[in-house]
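A, B, ... follow the sequence lines: proteins, then strands. Residue 1 opens every chain.
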Amino acid sequence: MTQLPRYRFAPSPTGFFHVGGARTALMNWALARRQGGTFVLRIEDTDEARNKPEWTDGIISALAWLGINSDDPHFEGPLFQSDFVGEHLAAAQRLFESGHAYYCDMTPEDIQARAKSEGVNGYGGWSRDLGIGPGPGRALRFRVPAGSTVVVDLVRGDVTFDHAVIEDFVLVRGNGTPVFNLANVVDDITMRISHVVRAEEHLPNTPKQQMIWNALGHAPPVWAHVPVLVNEQRKKLSKRRDKVALEMYRDEGYLAPAMVNYLMTLGWSPGVASADGSEIIGWDQIEEAFRLEDVNLSPAFFDVKKLVAFNKEYTRQLTPSEFAEACDPFLPDHWDRARFRQIAPFIQERLPVLSDAPAWVGFLFVDNPDMDDEAWDKTMSSEFAQPLLIDTISRYSALDEGDWYAESLKATLEDIMARYDLKLGKAQAPVRVAVSGQTVGPPLFEALEVLGRAETLHRLKVAVDRIAG
RNA sequence: GGCCCGUUCGUCUAGAGGCCUAGGACACCACCCUCUCAAGGUGGCGGCACGGGUUCGAAUCCCGUACGGGCUACCA
């Protein structure tokens with residue numbers, strides 16, 4: 001009987017969800033689903049995290065945003081490492097009884113002092129044959145045997161670690177609490193995890209964990225260590241230096257499918273799955289094509305510029321109503337949503353991120369648009385600006401409300417500009433700045449249509465007065 | 001310091017000894033299109049870290065060097 005694969009994702013709650021974690025979660029998710037297996041979410045909850053359940057909620061909602069839904073049949077959890085302490089300790093006891101572990105009464109200070117006086121590095125297995133029994137303050141250490149461990153890794157191949165450089169590491173602290181490596185392995189064993197896919201930084205832990213698996217009488221899982229994500233300095237993305245919180249990208253209006261797609265292209269390529277050479281590829285195809293064997297070995301730079309390019313592409317693919325709805329959370333509450341829906345199609349293919357929406361169309365929702373002084377000076381200093389605006393006012397005034405449409409507004413301005421021997425590109429500039437306060441924005445005439453006759457004429461007059469004054 | 005991992009355009013990658021005059025995507029530049037900005041089109045810039053092998057032939061295999069990274073807790 002072959003067991004269905006069980007992938008586990010084990011984030012530690014820290015108050016935000018790291019984009020690197022998002023990527024490994026996505027990889028686990030793709031594999032678990034394609035193979036009909038399970039994605040197990042196990043929270044490595046520390047004391048601090050246990051007192052802050054909102055941290056865990058944050059992880060779950062971040063995963064849901066990515067499309068990893070906890071009500072999907074392939075999803076299991078969340079389970080909490082702290083719920084398994086009993087198993088951890090039972091396993092420790094077995095390890096002690098079978099001789100794979102021994103008690104040590106040296107404190108970290110003792111070890112340091114000893115190492116110094118003996119001129120050695122680290123612990124050195126001083127208590128391993130002393131036959132010390134359990135007791136307060138005594139740590140349980142793993143008896144690392146002679147030899148070496150080969151970690152068979154799906155992305156990196158075989159990696160050999162010489163036991164000579166692995167200390168007799170601690171399994172249970174002097175205070176009786178299990179340590180990460182033990183807890184990790186025991187959790188995975190009790191949950192019958194078959195595949196451990198995680199970031200490369202865990203690779204040095206792996207031989208220790210594999211020894212525990214073996215000592216407990218189990219064959220180790222399939223390992224896969226994917227490269228870390230780095231910043232432009234090629235350092236691992238860190239909370240302090242870099243923008244790593246997935247939530248921040250979500251809150252700025254990056255689309256989840258864009259983020260998912262982008263994250264998956266880091267260290268992996270859809271290859272032939274993408275016939276036209278584009279890296280824009282849907283989740284279904286990712287799920288179908290993703291293979292750990294194809295993951296690159298070197299760290300990948302998290303490039304926000306490219307993320308933005310993906311985001312624009314995904315934004316464009318939205319239907320107009322989907323787009324308007326997606327923008328909604330980023331709009332001030334008092335804005336007229338019907339009016340926004342009118343202009344939305346014209347900014348849809350222009351927005352880098354959804355949170356930019358208010359800046360693009362804000363002039364349509366306020367009484368007095370903010371005037372960009374630089375834009376004003378640059379545009380209104382031309383000699384044709386004032387006369388052209390005056391002509392525009394008079395010709396636009398002649399238009400009835402019933403004729404106040406983008407096409408007629410455009411035709412009228414084209415008529416005017418001919419007299420000044422201007423191209424539309426030049427002629428529209430003073431009007432645009434007068435009305436919106438900016439040199440860039442949505443298509444002018446559509447915006448004027450939305451703005452309305454009265455307000456447009458008012459703003460044009462204000463501008464003429466300002467030039468005169 | 002020790003152990004481990006890595007190194008193809010600026011960035012993400014394709015590339016499993018001849019298909020490579022090293023392909024694509026993002027970025028950048030130019031031109032076209034165009035009511036600004038986008039989008040789209042065309043073109044351009046730009047790379048196998050270095051040195052030795054192996055081979056008729058190496059981006060691809062081996063060794064070394066350099067550089068980068070990760071880990072080095074009774075943290076997780």
*Indicate for each nucleotide in nucleotides 71-76 of chain B, in 5' to 3' sequence, whether protein heavy atoms under 4.0 Å reach the base (B), only the sugar-phosphate (S), or nothing (-).*
S--BSB

*Do side-chain atoms of A/Asp45 reach the backbone of A/Pro13 as a donor and acceptor pair under 3.5 angstrom?*
no

*Span that lies between the C1' atom of B/G15 and that of B/G47, in whole angstrom*: 13 Å

*With rounding to whole Å, what would you report as the distance between B/G44 and B/C37 at their C1' atoms?*
24 Å

*Rounded to the Å, how far apart are A/Asn296 CG and B/C12 P?*
10 Å

*Donor-acceptor pair under 3.5 Å: do we get one between A/Arg234's side chain and the base of B/U11?*
no

*Rounded to the nearest angstrom, tell me the gap between atom NZ in A/Lys410 and atom C1' in B/U34.*
9 Å

_Nearest to the A/Arg316 side chain among B/C37, B/A39, B/A14, which nucleotide is it?_
B/A39

*For the side chain of A/Pro443, starting at C-beta, report the closest nucleotide among B/C5, B/U36, B/C3.*
B/U36

*A/Leu263 CG to B/U13 C1': how many Å, rounded?*
16 Å

*Name the nucleic acid region contacted by A/Gln112, choosing base, sugar-phosphate or nothing; use a 4.0 angstrom heavy-atom cut-off, strictly under.*
nothing

*Using the P atoms only, state how far B/A39 lies from B/A58, rounded to an integer number of Å.*
43 Å

*Write down the distance between CG (A/Leu307) and P (B/A25), rounded to a whole number of angstrom.*
19 Å

*Which of these, A/Asn231, A/Leu237, A/Val230, sits in a side-chain contact (heavy atoms from CB on, under 4.5 Å) with A/Phe302?*
A/Leu237

*May I have the distance from A/Phe301 (atom CZ) to B/C26 (atom C1'), rounded to whole angstrom?*
11 Å

_Spacing of the P atoms in B/U55 and B/G46 (rounded, Å)_ = 36 Å

*On a whole-Å scale, what distance lies between the C1' atoms belonging to B/U65 and B/U42?*
45 Å

*What is the nucleic acid contact for A/Leu444, judged by heavy atoms within less than 4.0 Å: base, sugar-phosphate only, or nothing?*
base

*Between the side chain of A/Asn261 and the main-chain N/O of A/Gly282, is any donor-acceptor distance below 3.5 Å?*
no

*Report yes if at least one side-chain N or O of A/Lys235 is closer than 4.0 Å to OP1 or OP2 of B/G69; otherwise report no.*
yes

*asked:* Tell me if the centroids of the rings in A/Phe96 and A/Tyr102 come within less than 6.0 Å of each other.
replied: no

_Counting C-beta onward and ignoring hydrogens, is there a side-chain heavy-atom pair between A/Val179 and A/Val172 closer than 4.5 Å?_
no

*Is the A/Tyr396-A/Trp404 ring centre distance short of 6.0 angstrom?*
yes

*Would you tell me if any nitrogen or oxygen in the side chain of A/Lys305 comes within less than 4.0 Å of OP1 or OP2 on B/A27?*
no

*Between B/C4, B/U7, B/C12, which nucleotide has the shortest distance from any of its atoms to the side chain of A/Phe161?*
B/C4

*Do A/Lys312 and B/A38 have a side chain to base donor-acceptor pair shorter than 3.5 Å?*
no

*Just checking, is any N or O donor in the side chain of A/Asp187 or A/His88 under 3.5 Å from an acceptor N or O on the other one?*
yes

*asked:* Please determine whether any donor N or O and acceptor N or O are separated by less than 3.5 Å between the side chain of A/Arg156 and the base of B/C5.
replied: no

*Gap in Å between the two P atoms, one belonging to B/U11 and one to B/G2, rounded*: 29 Å

_With nearest nucleotide decided by heavy atoms, which residue, A/Asp162 or A/Gln233, maps closer to the 5′ end of RNA chain B?_
A/Asp162

_Using the side-chain heavy atoms of A/Thr265, tell me which of these nucleotides is nearest: B/C35, B/C12, B/U7._
B/C12

*Have a look at A/Gly425 and say if it touches a base, only the backbone sugar-phosphate, or nothing, with a 4.0 Å heavy-atom cut-off.*
sugar-phosphate

*asked:* Could you tell me how far apart A/Phe310 (CZ) and B/U13 (C1') are, to the nearest whole angstrom?
replied: 11 Å

*asked:* Would the distance check show the side chain of A/Asn296 and the main-chain N or O of A/Trp268 forming a donor-acceptor pair, the cut-off being under 3.5 Å?
replied: no

*Measure up the A/Phe365 and A/Phe340 rings against each other and bin them: parallel (under 30°), tilted (30 to 60°), perpendicular (over 60°).*
tilted

_Measuring only the P atom in each nucleotide, how far is B/C74 from B/C5? A whole number of Å is fine._
24 Å

*asked:* Between B/C20 and B/U34, how many Å separate the two P atoms, rounded to a whole number?
replied: 38 Å

_Heavy atoms from C-beta onward define the side chain here; which of B/C5, B/U11, B/U7 lies closest to that of A/Asp303?_
B/U11

*Between A/Ile347 (CD1) and B/A39 (P), how many Å, whole number?*
15 Å

_What contact category does A/Pro442 fall into here, base, sugar-phosphate, or nothing, at under 4.0 angstrom with non-hydrogen atoms?_
base

_Please determine whether any donor N or O and acceptor N or O are separated by less than 3.5 Å between the side chain of A/Glu200 and the base of B/G69._
no

*In whole Å, what is the span from the OH atom of A/Tyr314 to the C1' atom of B/A25?*
13 Å

*Under the side-chain hydrogen bond (donor to acceptor under 3.5 Å, both in side chains) rule, what do A/Arg432 and A/Ser436 come out as? Steps first, then yes or no, please.*
CA-CA 6 Å; A/Arg432 177 183 293 281; A/Ser436 73; 5.3 Å; no

